[in-house]
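A short write-up of the structure that comes next.
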Amino acid sequence: MSTCFAAKLLAHYDANARTLPWRSPPGAPPPDPYRVWLSEIMLQQTTVAAAIPYFNTFITRWPSVAALAAADDTAVMAAWAGLGYYARARNLIKCARVVALEYGGVFPADEAALRALPGIGAYTAAAMAAIAFGARAVVVDGNVKRVMARVHAIETPLSQAEVQLHAHATAATPHGRPGDYAQALMDLGATLCTPRAPKCGQCPVARACKGRADPTRYPVHAPKAPRPERRETAWWIEVGGHVLLVERPTNGLLGGMRALPVGDAPPMIADWRGVDWQNMGNVRHIFTHFSLDLAVQRAMLLARPAPENFHAGLWWPVAKIETAGLPSLFAKAARCAMAAS
DNA sequence: CACACGTGGGG
DNA sequence: TCCCCAAGTGT
(Lines give C-alpha, C1' and ligand atoms only; values in the text may rest on other atoms or scores of the structure.)
Protein backbone atom coordinates (compact mmCIF):
# COMPACT_ATOMS: atom_id res chain seq x y z
CA MET A 1 0.00 0.00 0.00
CA SER A 2 1.46 3.32 -1.03
CA THR A 3 0.86 6.99 -0.47
CA CYS A 4 -1.84 6.61 -3.09
CA PHE A 5 -4.10 5.15 -0.38
CA ALA A 6 -3.61 8.15 1.87
CA ALA A 7 -3.98 10.62 -1.00
CA LYS A 8 -7.30 9.17 -2.08
CA LEU A 9 -8.51 9.01 1.50
CA LEU A 10 -7.55 12.63 2.18
CA ALA A 11 -9.17 13.84 -1.02
CA HIS A 12 -12.37 12.10 -0.03
CA TYR A 13 -12.10 13.56 3.47
CA ASP A 14 -11.63 17.08 2.12
CA ALA A 15 -15.01 16.79 0.42
CA ASN A 16 -16.89 14.66 2.96
CA ALA A 17 -15.51 15.30 6.46
CA ARG A 18 -18.15 15.22 9.16
CA THR A 19 -18.58 18.40 11.18
CA LEU A 20 -18.12 17.56 14.86
CA PRO A 21 -17.89 19.83 17.92
CA TRP A 22 -14.29 18.85 18.67
CA ARG A 23 -13.05 18.85 15.12
CA SER A 24 -11.32 21.44 12.91
CA PRO A 25 -12.24 21.46 9.21
CA PRO A 26 -9.83 19.65 6.83
CA GLY A 27 -6.65 21.64 6.35
CA ALA A 28 -7.37 23.98 9.27
CA PRO A 29 -5.03 24.40 12.28
CA PRO A 30 -5.42 21.69 14.93
CA PRO A 31 -8.00 22.08 17.70
CA ASP A 32 -7.21 22.77 21.37
CA PRO A 33 -5.55 19.61 22.74
CA TYR A 34 -7.98 19.74 25.68
CA ARG A 35 -10.89 19.35 23.27
CA VAL A 36 -9.15 16.54 21.41
CA TRP A 37 -8.37 14.74 24.64
CA LEU A 38 -11.87 15.13 26.09
CA SER A 39 -13.49 13.95 22.88
CA GLU A 40 -11.18 10.96 22.53
CA ILE A 41 -11.87 9.80 26.08
CA MET A 42 -15.61 10.16 25.58
CA LEU A 43 -15.48 8.35 22.25
CA GLN A 44 -13.81 5.24 23.67
CA GLN A 45 -16.28 2.44 22.93
CA THR A 46 -18.97 5.09 22.61
CA THR A 47 -20.91 6.38 19.61
CA VAL A 48 -20.44 9.91 18.31
CA ALA A 49 -24.13 10.64 18.86
CA ALA A 50 -23.92 9.64 22.53
CA ALA A 51 -20.74 11.64 23.14
CA ILE A 52 -21.76 14.98 21.57
CA PRO A 53 -24.14 16.29 24.27
CA TYR A 54 -21.72 15.26 27.04
CA PHE A 55 -18.85 16.94 25.23
CA ASN A 56 -20.78 20.19 24.92
CA THR A 57 -21.79 20.09 28.58
CA PHE A 58 -18.24 19.45 29.77
CA ILE A 59 -16.71 22.15 27.56
CA THR A 60 -19.22 24.71 28.75
CA ARG A 61 -18.84 23.81 32.39
CA TRP A 62 -15.10 23.17 32.41
CA PRO A 63 -13.59 25.14 29.48
CA SER A 64 -9.98 24.16 30.17
CA VAL A 65 -8.00 21.31 31.63
CA ALA A 66 -7.17 23.59 34.56
CA ALA A 67 -10.86 24.15 35.23
CA LEU A 68 -11.51 20.44 35.10
CA ALA A 69 -8.57 19.74 37.39
CA ALA A 70 -10.09 22.12 39.95
CA ALA A 71 -13.55 20.55 39.79
CA ASP A 72 -15.11 18.47 42.53
CA ASP A 73 -14.83 14.75 41.82
CA THR A 74 -18.50 14.28 42.60
CA ALA A 75 -19.58 16.93 40.12
CA VAL A 76 -17.53 15.38 37.34
CA MET A 77 -18.80 11.87 38.05
CA ALA A 78 -22.38 13.15 38.10
CA ALA A 79 -21.85 14.95 34.79
CA TRP A 80 -20.55 11.70 33.30
CA ALA A 81 -23.55 9.72 34.57
CA GLY A 82 -25.28 7.90 31.74
CA LEU A 83 -22.28 7.78 29.43
CA GLY A 84 -20.93 4.52 30.87
CA TYR A 85 -17.47 3.09 31.50
CA TYR A 86 -17.04 5.25 34.59
CA ALA A 87 -13.35 4.45 35.00
CA ARG A 88 -12.96 6.90 32.13
CA ALA A 89 -14.35 9.69 34.30
CA ARG A 90 -12.18 8.75 37.27
CA ASN A 91 -9.11 8.74 35.03
CA LEU A 92 -10.28 11.97 33.38
CA ILE A 93 -10.03 13.71 36.74
CA LYS A 94 -6.65 12.14 37.53
CA CYS A 95 -5.28 13.06 34.13
CA ALA A 96 -6.49 16.65 34.33
CA ARG A 97 -4.75 17.05 37.68
CA VAL A 98 -1.49 15.56 36.44
CA VAL A 99 -1.54 17.92 33.45
CA ALA A 100 -2.39 20.85 35.69
CA LEU A 101 0.20 20.11 38.36
CA GLU A 102 3.05 18.51 36.43
CA TYR A 103 2.68 20.17 33.04
CA GLY A 104 1.39 23.58 34.05
CA GLY A 105 -1.97 22.96 32.45
CA VAL A 106 -0.49 22.26 29.01
CA PHE A 107 -0.76 18.78 27.51
CA PRO A 108 2.61 17.33 26.47
CA ALA A 109 2.99 16.97 22.70
CA ASP A 110 5.09 13.82 22.97
CA GLU A 111 3.25 10.60 22.27
CA ALA A 112 5.10 8.64 24.96
CA ALA A 113 4.39 11.31 27.55
CA LEU A 114 0.72 11.28 26.61
CA ARG A 115 0.65 7.50 26.82
CA ALA A 116 1.86 7.69 30.42
CA LEU A 117 -1.15 9.77 31.54
CA PRO A 118 -4.12 8.12 33.31
CA GLY A 119 -6.76 6.87 30.90
CA ILE A 120 -4.60 7.47 27.83
CA GLY A 121 -3.63 4.25 26.10
CA ALA A 122 -1.89 3.51 22.83
CA TYR A 123 -4.80 4.61 20.68
CA THR A 124 -5.59 7.88 22.46
CA ALA A 125 -1.92 8.88 22.72
CA ALA A 126 -1.50 8.40 18.97
CA ALA A 127 -4.76 10.17 18.17
CA MET A 128 -3.82 13.18 20.30
CA ALA A 129 -0.29 13.30 18.88
CA ALA A 130 -1.65 13.28 15.34
CA ILE A 131 -4.81 15.37 15.68
CA ALA A 132 -3.80 17.91 18.29
CA PHE A 133 -0.05 18.13 17.62
CA GLY A 134 0.40 17.17 13.96
CA ALA A 135 2.78 14.30 14.63
CA ARG A 136 3.01 11.29 12.35
CA ALA A 137 1.58 8.90 14.93
CA VAL A 138 0.08 5.60 13.87
CA VAL A 139 -3.53 5.65 14.98
CA VAL A 140 -5.11 2.21 15.34
CA ASP A 141 -8.66 2.00 16.60
CA GLY A 142 -11.54 -0.32 15.79
CA ASN A 143 -12.24 1.50 12.53
CA VAL A 144 -8.64 1.28 11.38
CA LYS A 145 -8.49 -2.42 12.23
CA ARG A 146 -11.63 -3.11 10.25
CA VAL A 147 -10.44 -1.09 7.23
CA MET A 148 -7.02 -2.75 7.26
CA ALA A 149 -8.53 -6.20 7.72
CA ARG A 150 -10.70 -5.63 4.66
CA VAL A 151 -8.18 -3.89 2.44
CA HIS A 152 -5.71 -6.72 3.04
CA ALA A 153 -8.28 -9.52 3.39
CA ILE A 154 -6.77 -10.65 6.69
CA GLU A 155 -8.02 -14.11 7.70
CA THR A 156 -6.40 -14.11 11.13
CA PRO A 157 -8.90 -13.46 13.93
CA LEU A 158 -8.72 -9.87 15.14
CA SER A 159 -7.39 -10.70 18.60
CA GLN A 160 -4.37 -12.43 17.08
CA ALA A 161 -3.73 -9.96 14.29
CA GLU A 162 -2.66 -6.92 16.29
CA VAL A 163 0.93 -6.84 15.08
CA GLN A 164 -0.07 -7.43 11.48
CA LEU A 165 -2.76 -4.77 11.55
CA HIS A 166 -0.42 -2.27 13.18
CA ALA A 167 2.19 -2.92 10.50
CA HIS A 168 -0.32 -2.27 7.74
CA ALA A 169 -1.55 0.86 9.49
CA THR A 170 2.05 2.08 9.78
CA ALA A 171 2.74 1.48 6.11
CA ALA A 172 -0.41 3.38 5.15
CA THR A 173 0.20 6.42 7.35
CA PRO A 174 1.48 9.40 5.33
CA HIS A 175 4.00 12.00 6.50
CA GLY A 176 1.79 14.92 5.68
CA ARG A 177 -1.48 15.93 7.37
CA PRO A 178 -1.35 13.23 10.08
CA GLY A 179 -4.35 14.58 11.94
CA ASP A 180 -6.57 14.79 8.90
CA TYR A 181 -5.44 11.35 7.79
CA ALA A 182 -6.29 9.76 11.13
CA GLN A 183 -9.73 11.32 11.13
CA ALA A 184 -10.26 10.48 7.47
CA LEU A 185 -9.56 6.83 8.17
CA MET A 186 -11.90 6.78 11.16
CA ASP A 187 -14.58 8.62 9.16
CA LEU A 188 -14.22 6.01 6.44
CA GLY A 189 -14.78 3.25 8.97
CA ALA A 190 -17.71 5.05 10.56
CA THR A 191 -19.56 6.05 7.41
CA LEU A 192 -18.58 3.78 4.51
CA CYS A 193 -16.48 0.82 5.66
CA THR A 194 -19.04 -0.03 8.34
CA PRO A 195 -19.28 -3.38 10.11
CA ARG A 196 -22.53 -4.23 8.34
CA ALA A 197 -23.57 -3.26 4.82
CA PRO A 198 -20.43 -1.33 3.86
CA LYS A 199 -20.92 1.17 1.03
CA CYS A 200 -18.12 -0.03 -1.21
CA GLY A 201 -19.66 1.79 -4.16
CA GLN A 202 -18.77 5.13 -2.57
CA CYS A 203 -15.41 4.09 -1.12
CA PRO A 204 -12.40 6.06 -2.38
CA VAL A 205 -10.09 3.08 -1.92
CA ALA A 206 -12.37 0.27 -3.10
CA ARG A 207 -10.12 -0.44 -6.09
CA ALA A 208 -7.23 -1.29 -3.77
CA CYS A 209 -9.36 -3.41 -1.43
CA LYS A 210 -8.69 -7.15 -1.42
CA GLY A 211 -11.78 -7.77 0.66
CA ARG A 212 -14.10 -5.92 -1.73
CA ALA A 213 -15.77 -9.10 -2.99
CA ASP A 214 -16.88 -10.14 0.50
CA PRO A 215 -16.24 -7.23 2.88
CA THR A 216 -18.34 -8.46 5.79
CA ARG A 217 -16.13 -11.53 5.97
CA TYR A 218 -13.56 -9.19 7.54
CA PRO A 219 -12.45 -8.69 10.16
CA VAL A 220 -12.64 -12.30 11.34
CA HIS A 221 -13.86 -12.49 14.94
CA ALA A 222 -13.26 -15.16 17.57
CA PRO A 223 -16.48 -16.85 18.73
CA LYS A 224 -18.22 -14.89 21.45
CA ALA A 225 -18.82 -16.26 24.93
CA PRO A 226 -22.38 -16.50 26.24
CA ARG A 227 -23.56 -13.67 28.47
CA PRO A 228 -24.20 -14.85 32.06
CA GLU A 229 -27.32 -13.90 33.99
CA ARG A 230 -27.31 -12.19 37.40
CA ARG A 231 -30.07 -11.32 39.85
CA GLU A 232 -29.88 -8.61 42.51
CA THR A 233 -32.13 -6.48 44.66
CA ALA A 234 -32.04 -2.70 44.97
CA TRP A 235 -33.53 -1.01 48.02
CA TRP A 236 -35.49 2.25 47.78
CA ILE A 237 -35.76 3.67 51.30
CA GLU A 238 -37.81 6.84 51.42
CA VAL A 239 -38.44 9.19 54.34
CA GLY A 240 -40.04 12.61 54.18
CA GLY A 241 -39.51 13.03 50.46
CA HIS A 242 -35.90 11.87 50.56
CA VAL A 243 -34.37 8.59 49.38
CA LEU A 244 -31.21 6.91 50.62
CA LEU A 245 -28.39 6.85 48.10
CA VAL A 246 -24.93 5.38 48.52
CA GLU A 247 -21.62 5.97 46.80
CA ARG A 248 -20.29 2.79 45.30
CA PRO A 249 -16.71 1.66 45.89
CA THR A 250 -14.20 3.45 43.68
CA ASN A 251 -13.32 0.40 41.64
CA GLY A 252 -15.41 -2.17 39.86
CA LEU A 253 -18.86 -1.97 38.34
CA LEU A 254 -20.24 1.60 38.31
CA GLY A 255 -17.31 2.48 40.56
CA GLY A 256 -17.46 5.81 42.32
CA MET A 257 -21.03 6.49 41.22
CA ARG A 258 -24.05 7.28 43.33
CA ALA A 259 -26.51 4.41 43.45
CA LEU A 260 -29.32 2.74 45.29
CA PRO A 261 -28.15 0.27 47.92
CA VAL A 262 -27.90 -3.22 46.43
CA GLY A 263 -27.67 -6.57 48.13
CA ASP A 264 -29.53 -9.53 49.55
CA ALA A 265 -30.68 -7.50 52.54
CA PRO A 266 -31.47 -3.84 53.17
CA PRO A 267 -28.34 -1.78 53.87
CA MET A 268 -28.78 -1.29 57.59
CA ILE A 269 -27.59 -2.43 60.89
CA ALA A 270 -30.96 -1.42 62.29
CA ASP A 271 -33.85 -3.76 62.81
CA TRP A 272 -36.19 -3.97 59.84
CA ARG A 273 -38.92 -5.94 61.58
CA GLY A 274 -42.29 -4.31 61.07
CA VAL A 275 -41.26 -2.34 58.01
CA ASP A 276 -43.57 -2.79 55.05
CA TRP A 277 -41.52 -3.61 51.95
CA GLN A 278 -43.28 -3.25 48.62
CA ASN A 279 -42.09 -5.16 45.58
CA MET A 280 -41.98 -2.49 42.86
CA GLY A 281 -41.09 -4.87 40.07
CA ASN A 282 -37.92 -5.63 38.21
CA VAL A 283 -35.51 -3.72 36.01
CA ARG A 284 -33.66 -5.49 33.26
CA HIS A 285 -30.28 -4.13 32.27
CA ILE A 286 -27.76 -5.50 29.80
CA PHE A 287 -24.10 -4.95 30.50
CA THR A 288 -21.33 -5.96 28.14
CA HIS A 289 -20.43 -9.08 30.07
CA PHE A 290 -23.64 -10.04 31.90
CA SER A 291 -27.37 -9.49 32.01
CA LEU A 292 -28.93 -8.21 35.21
CA ASP A 293 -32.39 -8.68 36.61
CA LEU A 294 -32.69 -6.10 39.35
CA ALA A 295 -35.61 -6.43 41.76
CA VAL A 296 -36.69 -3.13 43.32
CA GLN A 297 -38.00 -3.13 46.90
CA ARG A 298 -39.46 0.02 48.47
CA ALA A 299 -39.99 1.04 52.09
CA MET A 300 -41.69 4.28 53.12
CA LEU A 301 -40.45 5.09 56.63
CA LEU A 302 -41.97 7.46 59.13
CA ALA A 303 -38.70 8.53 60.71
CA ARG A 304 -35.18 8.77 59.39
CA PRO A 305 -32.92 6.07 60.86
CA ALA A 306 -29.82 7.19 62.68
CA PRO A 307 -26.94 8.01 60.30
CA GLU A 308 -24.62 5.57 62.01
CA ASN A 309 -26.77 2.77 60.67
CA PHE A 310 -25.47 3.44 57.17
CA HIS A 311 -21.99 2.91 55.90
CA ALA A 312 -21.85 5.86 53.51
CA GLY A 313 -25.27 7.11 52.59
CA LEU A 314 -26.88 10.40 51.74
CA TRP A 315 -30.53 11.42 51.63
CA TRP A 316 -31.48 12.83 48.24
CA PRO A 317 -34.72 14.72 47.48
CA VAL A 318 -36.97 12.37 45.55
CA ALA A 319 -38.33 15.27 43.49
CA LYS A 320 -34.81 15.98 42.21
CA ILE A 321 -33.64 12.43 41.70
CA GLU A 322 -32.68 13.20 38.08
CA THR A 323 -29.96 15.51 39.39
CA ALA A 324 -28.35 12.88 41.60
CA GLY A 325 -26.03 11.66 38.83
CA LEU A 326 -27.26 8.08 38.87
CA PRO A 327 -25.97 5.74 36.20
CA SER A 328 -28.63 4.45 33.83
CA LEU A 329 -29.25 1.21 35.72
CA PHE A 330 -30.24 3.09 38.86
CA ALA A 331 -32.07 5.84 36.99
CA LYS A 332 -34.27 3.03 35.64
CA ALA A 333 -34.64 1.51 39.10
CA ALA A 334 -35.62 4.91 40.49
CA ARG A 335 -38.37 5.31 37.88
CA CYS A 336 -39.55 1.84 38.83
CA ALA A 337 -39.64 2.73 42.53
CA MET A 338 -41.50 5.98 41.92
CA ALA A 339 -44.11 4.41 39.66
CA ALA A 340 -47.68 4.70 40.93
CA SER A 341 -48.84 1.62 42.77
C1' DC B 1 -3.68 -12.53 26.93
C1' DA B 2 -8.28 -12.54 28.55
C1' DC B 3 -11.43 -10.35 31.02
C1' DA B 4 -13.87 -6.41 33.43
C1' DC B 5 -15.94 -2.41 32.38
C1' DG B 6 -21.95 0.85 30.33
C1' DT B 7 -25.06 2.34 27.38
C1' DG B 8 -28.36 3.07 23.65
C1' DG B 9 -29.23 2.48 18.82
C1' DG B 10 -29.80 -0.39 14.72
C1' DG B 11 -30.90 -4.52 12.05
C1' DT C 1 -36.44 -10.08 21.61
C1' DC C 2 -31.79 -10.57 20.70
C1' DC C 3 -27.36 -9.77 18.99
C1' DC C 4 -23.96 -6.60 17.45
C1' DC C 5 -21.48 -3.01 18.38
C1' DA C 6 -18.94 2.35 19.10
C1' DA C 7 -12.65 6.69 18.14
C1' DG C 8 -10.15 1.38 24.38
C1' DT C 9 -7.90 1.12 28.90
C1' DG C 10 -6.41 -1.16 33.02
C1' DT C 11 -5.27 -5.24 35.26
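Throughout, protein chains are lettered first and strands after them, A, B, ... in sequence-line order, and every chain is numbered starting at 1.
Judged as a ring pair (Phe, Tyr, Trp, His ring centres under 6.0 Å), the pairs with a partner in residues 232-256 of chain A (not counting sequence neighbours) are, in order, A:Trp235-A:Trp277. The list of side-chain hydrogen bond (donor to acceptor under 3.5 Å, both in side chains) pairs with a residue in residues 107-123 of chain A, not counting sequence neighbours, reads A:Glu40-A:Tyr123.
Straight-line distance from the CZ atom of A:Phe287 to the P atom of C:dC3: 17 Å, rounded to whole Å. For the pair A:Ile286 CD1 and C:dC3 C1', the computed distance is 11 Å after rounding to whole Å. The CG-P distance, from A:Leu292 to B:dA4, rounds to 15 Å in whole Å. B:dG6 atom P lies 12 Å from atom CH2 of A:Trp80, rounded to whole Å. Protein atom CZ of A:Arg284 is 18 Å distant from nucleotide atom P of B:dG6, rounded to whole Å. Rounded to a whole Å, the CZ atom of A:Arg258 is 19 Å from the C1' atom of B:dG6. Rounded to whole Å, the distance from OH on A:Tyr54 to P on B:dG6 is 13 Å. Rounded to whole Å, the distance from CZ on A:Phe290 to C1' on C:dC2 is 18 Å.
Contact between A:Arg61 and A:Ala75 at its shortest, heavy atoms only, is NH2-CB, 3.6 Å. Summarising the geometry of A:Arg196 relative to A:Thr194, their closest heavy-atom pair is O-OG1, 2.9 Å, with the distance given to 0.1 Å.
B:dG8 sits 23 Å from C:dT9 when the P atoms are compared, rounded to a whole Å. Taking the P atom of each, B:dC3 and C:dA7 are spaced 22 Å apart, rounded to whole Å.
For the side chain to side chain contact (heavy atoms under 4.5 Å, CB included) with A:Trp37, the lone residue among A:Leu92, A:Ile131, A:Leu114, A:Val99 that qualifies is A:Leu92.
For the residue pair A:Arg88 and A:Gln44, no side-chain donor N or O sits within less than 3.5 Å of a side-chain acceptor on the partner.
Using a 4.0 Å cut-off between a side-chain N of Lys or Arg and a carboxylate O of Asp or Glu, A:Arg284 and A:Glu229 qualify as a salt bridge.
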- Using a cut-off of 4.0 Å between protein heavy atoms and nucleotide atoms, how would you tag nucleotides 4-11 of chain C 5' to 3' with B, S and -? SSBBBSS-

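Contact between the side-chain N/O atoms of A:His285 and the OP1/OP2 oxygens of B:dT7 is found at a separation under 4.0 Å.
When each of A:His289 and A:Ser159 is assigned the nucleotide of DNA chain B bearing its nearest heavy atom, the one mapping closer to the 5' terminus is A:Ser159.
Looking at heavy-atom distances under 4.0 Å, A:Gly252 makes contact with sugar-phosphate atoms alone, never a base.
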